[in-house]
Structures are given as C-alpha cells and as structure tokens.
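Worksheet: one structure, shown below.
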Amino acid sequence: MKLYNTLTRQKDEFIPLTPGEVKMYSCGPTVYNYFHVGNARPFIVFDVLRRYFEYRGYKVTFVQNFTDIDDKVIGKANDEGVDFNVIADRYIKEYYVDADGLGIGRATVHPRATETMDAIIDIVQRLLDNGHAYLAENGDVYFRTRSFADYGKLCHQPMEELQAGARISVGEVKEDPMDFAVWKAAKPGEPAWDTPWGSKGRPGWHIECSAMVNKYLGPTIDIHSGGLDLTFPHHENEIAQSECANGCTFANYWLHNGFLTIDNEKMSKSKGNFFMVRDAAKEFGYETIRMFMLSAHYRTPLNYSADSLEMSKASLARLYEARSNMEFRMEKAAGDTMTVEEAAKCEELGRYKQKFIEAMDDDLNTADALSAIFELTREINAYMGAHQDATRAWLRAAHGLFMELTGVLNLVQKREDAADPEADKIEALIAQRAAAKKEKNFAEADRIRDELAAMGVTIKDTRQGTQWSRA
Ligand code: AMP
Ligand code: ZN
C-alpha cells in the first residue's frame with residue numbers, strides 16, 4: 001500500500017515497524033462543542049484507513065485523543081459557571097452520538113489529556129532534564145526550539161523562514177521567539193496540576209499528543225494523522241518534543257486530510273461558516289454525510305453544498321436498493337450450486353474487488369474505490385435483470401462480494417428500510433437513542449422512543465441492532 005507522506009512529500013510504500021501490525025494516532029477533537037462537518041472529515045477518513053488495514057489482515061492499535069483542557073473548554077465552563085469537567089464530559093458524550101451515527105468505530109483507546117497527566121508531566125520533566133526545555137520566571141515551561149536541528153522537517157520550511165513569522169509579545173518570558181509553551185503556569189481560577197519542577201499549571205496542547213502517543217503506542221509509531229491545518233505548528237512541535245525526549249523517530253508516516261470547504265472557504269468554528277454534524281444529519285442523514293466524505297480522495301478539498309449532499313444521498317439509496325433486490329431474490333431463489341455460466345460471471349465480478357483494492361492501496365483513494373463498487377453494482381443488477389432464474393448460490397456470492405466491499409467503507413450495512421422518506425431522520429434518532437442508553441440516560445432514550453412513536457415508527461431492539469417499522 002502506498003500512502004502520501006507529508007514528511008517526504010511523496011507516496012511512500014507502507015512498511016510497518018512490526019510486520020502485520022499498525023500503530024496509528026490521530027488528533028481528536030477539543031471538546032467544548034458539538035463537532036462540525038469539517039471536523040468529521042479526519043474522523044471518517046482515518047476510520048476508513050483503520051478499517052482497510054484490518055480488512056487486509058493487519059492488527060491495528062488506533063489511538064485518538066480528546067483535548068479536554070484548554071482555553072476554549074475553560075472559556076465555555078466560565079460562560080456557563082460550571083467546572084471544566086462538566087463541559088468536557090458533555091461534549092465527549094455528544095462526540096460519541098455523532099461518531100456512532102457516522103459509522104466511525106471506537107478507537108482502541110480514546111485518552112483524555114487530564115487522564116494522561118502523569119505521562120505529560122514525565123515528558124516535560126525529561127525535556128527539562130536534557131536541556132531541550134526551560135522553566136521561565138513566570139512558571140511557564142518552554143521548548144527550546146533551536147535546540148532541535150530538524151525543526152521544520154514536516155512543514156519543509158527552514159528555521160529562518162519560520163523565525164520571520166515568530167514574535168515575542170509584550171510580557172512574554174521566552175528566550176527566543178521560536179520557543180513554544182509545553183507547560184502553562186496556573187492563572188487564578190483555572191484548573192491546575194502539581195509538578196516536580198514546582199509550578200502548578202496545565203499542559204500546552206502539543207505536549208498532550210506527544211505524551212499520549214508515548215504512553216499508549218510507544219516512542220515510535222507507524223502513522224500519525226490529522227487535518228492539514230495541524231501540520232504547522234501542532235505536528236511540527238509534536239515531532240520536536242517527542243524526538244528530543246526519546247531520541248528516536250516519532251512517526252514514520254504523516255497523513256493529512258484536505259479541507260472541507262463551504263463556498264470554497266475552509267469550514268471552521270472561528271469563521272462561523274460551519275454546519276454541526278448533528279444538524280446536517282437531520283437534513284440528509286448520517287450515512288449520507290459519510291458517503292459524501294468518501295466520494296472524494298481525502299487529500300483534495302471537498303466542498304459542502306446541499307446539491308452534493310443530495311447527490312450522495314441518491315447514490316446511497318441506489319446501493320441500498322441494489323442490496324434489497326439481491327436479498328429479496330436470494331430469499332425466493334432455488335439452487336445451491338452455480339451453473340457454469342454463473343461461475344464464470346462470478347469470477348468476472350472478482351475484478352471489481354481487484355479494482356477496489358488497487359484504489360485503496362493507492363493512498364486510500366475512496367473515490368475510485370466507490371466507483372468500483374458502483375460498477376460492481378451495475379453488473380450485478382444487469383445480470384439479475386437478464387437472469388430471472390439466477391441460482392441462490394450465485395445471488396449469495398454476488399451479495400457477499402457487495403457486502404464485503406461496502407463493509408470496508410462501513411456503508412450500506414444497515415438493516416433498516418432506506419426507501420422510507422424519513423429513514424435518515426429515523427436512523428439518526430435511533431443512533432442517538434442507542435448512545436443515550438449506553439450512557440444509561442434512560443430518560444433521554446425514552447424521550448426519543450416517544451418522538452419516534454409520534455412519527456408513527458415502532459422500534460424493536462434485537463441482537464443485530466434496532467429494527468424499525470412503520471406502525
Ligand atoms: P479541532 O477540534 O478544531 O482541534 O479539530 C479536529 C480535527 O478536525 C483536526 O484534525 C482538524 O485538522 C480537523 N479540521 C478542522 N476543520 C476542518 C476542515 N474544514 N476540513 C477538514 N478538517 C478539518
Ligand atoms: Zn495532536
């Protein structure tokens with residue numbers, strides 16, 4: 001498999017540290033709000049990367065963090081007059097509601113910064129001990145950027161150019177404008193942790209990821225990923241800290257997804273040009289958003305518009321329709337052995353699997369992988385149409401291949417009837433109810449059940465998940 005590596009600026013053959021295993025880390029959300037459709041892009045594409053590795057037989061250890069302490073979390077807590085933990089707990093729960101709806105699997109570990117404080121303090125102490133960091137007079141700890149000769153290797157900018165952009169503002173206590181905070185001394189009223197170097201405070205954002213990678217995956221990992229905007233300074237700083245603390249390469253492959261845009265501008269909270277996943281799901285359905293995200297290669301910009309979402313919704317409906325036709329025919333058909341002609345056709349269909357794998361092996365090209373799935377679907381539909389007597393054995397094989405490939409992308413796997421005009425909304429509510437139940441919030445789960453009942457929908461919880469039907 002080839003992956004575009006920001007570090008080398010080319011598609012590199014993926015060679016894991018340990019044969020058959022992948023250690024990957026992706027920067028997760030800062031939990032002070034629901035996440036928007038732009039944030040959903042890395043969560044979805046790196047979930048697909050992980051699923052694809054698993055499909056190809058790798059054992060994957062995947063870590064995605066929650067940044068649960070930072071200025072924005074504290075700001076929101078102060079606005080509401082509650083503890084910062086209340087805010088973080090709330091939006092971690094809400095993250096899972098949307099992630100479940102979007103078909104994003106749970107990472108192996110989802111560490112929170114505040115639960116990793118020992119590892120954070122340990123790495124800061126090591127940087128202080130070996131002279132790559134220093135304690136400033138106000139209690140902040142700064143990374144001595146010039147002490148790391150490779151600084152700038154990820155963003156491919158020489159130190160002098162990066163320096164031109166750096167400034168020391170009034171009241172700052174850094175030795176050099178390039179230095180950045182790894183530890184921030186406590187301000188009155190802010191949450192703070194004790195440290196061996198004596199200044200109570202909280203971690204900088206970059207050190208958090210360095211420490212979590214180290215704690216859960218070790219000093220060197222295969223893949224580190226995140227949105228393109230994280231390349232500099234966040235990932236550059238993660239590399240500097242980790243490599244200076246551990247004396248070895250931090251990550252072999254750096255993957256960055258392109259921006260989700262709106263009117264061709266990056267979707268972002270600060271610009272206000274965003275849609276919460278929650279709201280977009282009410283309009284188009286969670287699975288449509290996933291389909292939309294995978295319709296483009298992850299490194300290209302992708303523009304969000306109602307038209308493109310409608311198109312993705314229609315594509316998804318076509319796949320569901322093909323699936324339900326196959327299942328209907330499978331139920332009715334006879335014949336547990338394929339005819340000679342069917343066996344030949346079956347073998348022919350195998351070339352779409354080949355195409356799918358080639359696309360995914362080429363830097364996770366989900367757009368081409370989806371094309372292979374659509375071609376496969378067209379072939380199956382055409383064959384079924386022309387052969388009303390197709391055997392159950394053939395239908396099973398075709399259906400199996402279809403479910404296998406769509407399954408890698410985690411699309412078209414739901415059992416519910418997607419032809420219902422309100423299917424998307426119903427599925428969104430069912431996902432939110434399942435999450436509420438998982439959190440033991442039974443009042444909310446019951447409220448959602450009532451809302452569904454008012455829509456004329458009855459639900460049945462089964463071992464395979466929640467089935468619904470029109471009353
Ligand atoms: P944040 O919660 O802001 O730290 O962002 C979480 C993730 O979303 C990071 O990997 C960001 O790079 C990514 N991200 C934020 N905005 C966008 C966007 N418009 N398109 C793609 N990725 C984004
Ligand atoms: Zn990070």
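Counting convention: from 1, in listed order, for ligands and their atoms alike. The structure displayed is predicted, hence computed values, not measured ones.
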Test your reading of the structure: does [X] have an N or O sitting under 3.5 Å from an N or O of ligand 1?
| X | answer |
| --- | --- |
| Gly227 | yes |
| Leu228 | no |
| Thr30 | yes |
| Asp229 | yes |
| Pro29 | no |
| Arg41 | no |

Ligand-side contact atoms (ligand 1) for residue partner His36, heavy atom cut-off under 4.0 Å: 16 (N)
Atoms in ligand 1 with a heavy atom of Met267 nearer than 4.0 Å: 16 (N), 18 (C), 19 (N)
Pair Asp100 + Arg106, salt bridge at N-O below 4.0 Å: yes
Is the [X]-[Y] ring centre distance short of 6.0 angstrom?
| X | Y | value |
| --- | --- | --- |
| His132 | Phe148 | no |
| Tyr91 | Tyr32 | no |
| Tyr253 | His224 | no |
| Phe274 | Phe35 | no |

Contact check, Ser26 vs ligand 1, heavy-atom distance below 4.0 Å: no
Lys269 near ligand 1 by a heavy-atom separation under 4.0 Å: no
For [X] and [Y], which heavy atoms make the closest approach, and how far apart are they?
| X | Y | value |
| --- | --- | --- |
| Cys27 | His235 | SG-NE2, 3.3 Å |
| Lys153 | Glu236 | N-OE2, 3.0 Å |
| Ala296 | Leu302 | CB-CD1, 3.8 Å |
| Thr6 | His156 | O-NE2, 2.7 Å |

Residue, atom name and distance, where the atom is the protein heavy atom closest to [atom]:
| atom | value |
| --- | --- |
| atom 8 (O) of ligand 1 | Asn39 ND2, 3.2 Å |
| atom 13 (C) of ligand 1 | Pro42 CG, 3.7 Å |
| atom 9 (C) of ligand 1 | Leu230 CD1, 3.7 Å |
| atom 20 (N) of ligand 1 | Leu260 N, 2.8 Å |

Side-chain H-bond candidate by donor/acceptor type, Ser210 with Gln241, under 3.5 Å: yes
Ligand 1 versus Asn257: contacting region, heavy-atom distance under 4.0 Å: side chain
Listed protein N/O/S atoms, distance to the Zn ion (ligand 2) under 2.8 Å: Cys27 SG, Cys209 SG, His234 NE2, Glu238 OE2
Within 45° cone and under 6.0 Å: Lys266 NZ/CZ vs Phe259 ring: yes
Lys174 NZ/CZ over Phe180 ring centroid, <6.0 Å and within 45° of normal: no
Flag side-chain contact, heavy atom, 4.5 Å: Lys313 against Asp424: yes
Residue pair Leu3 / Leu255, side-chain heavy-atom distance below 4.5 Å: yes
Nearest-option assignment for atom 22 (N) of ligand 1, heavy atoms, candidates Ala40, Pro301, Gly38: Gly38
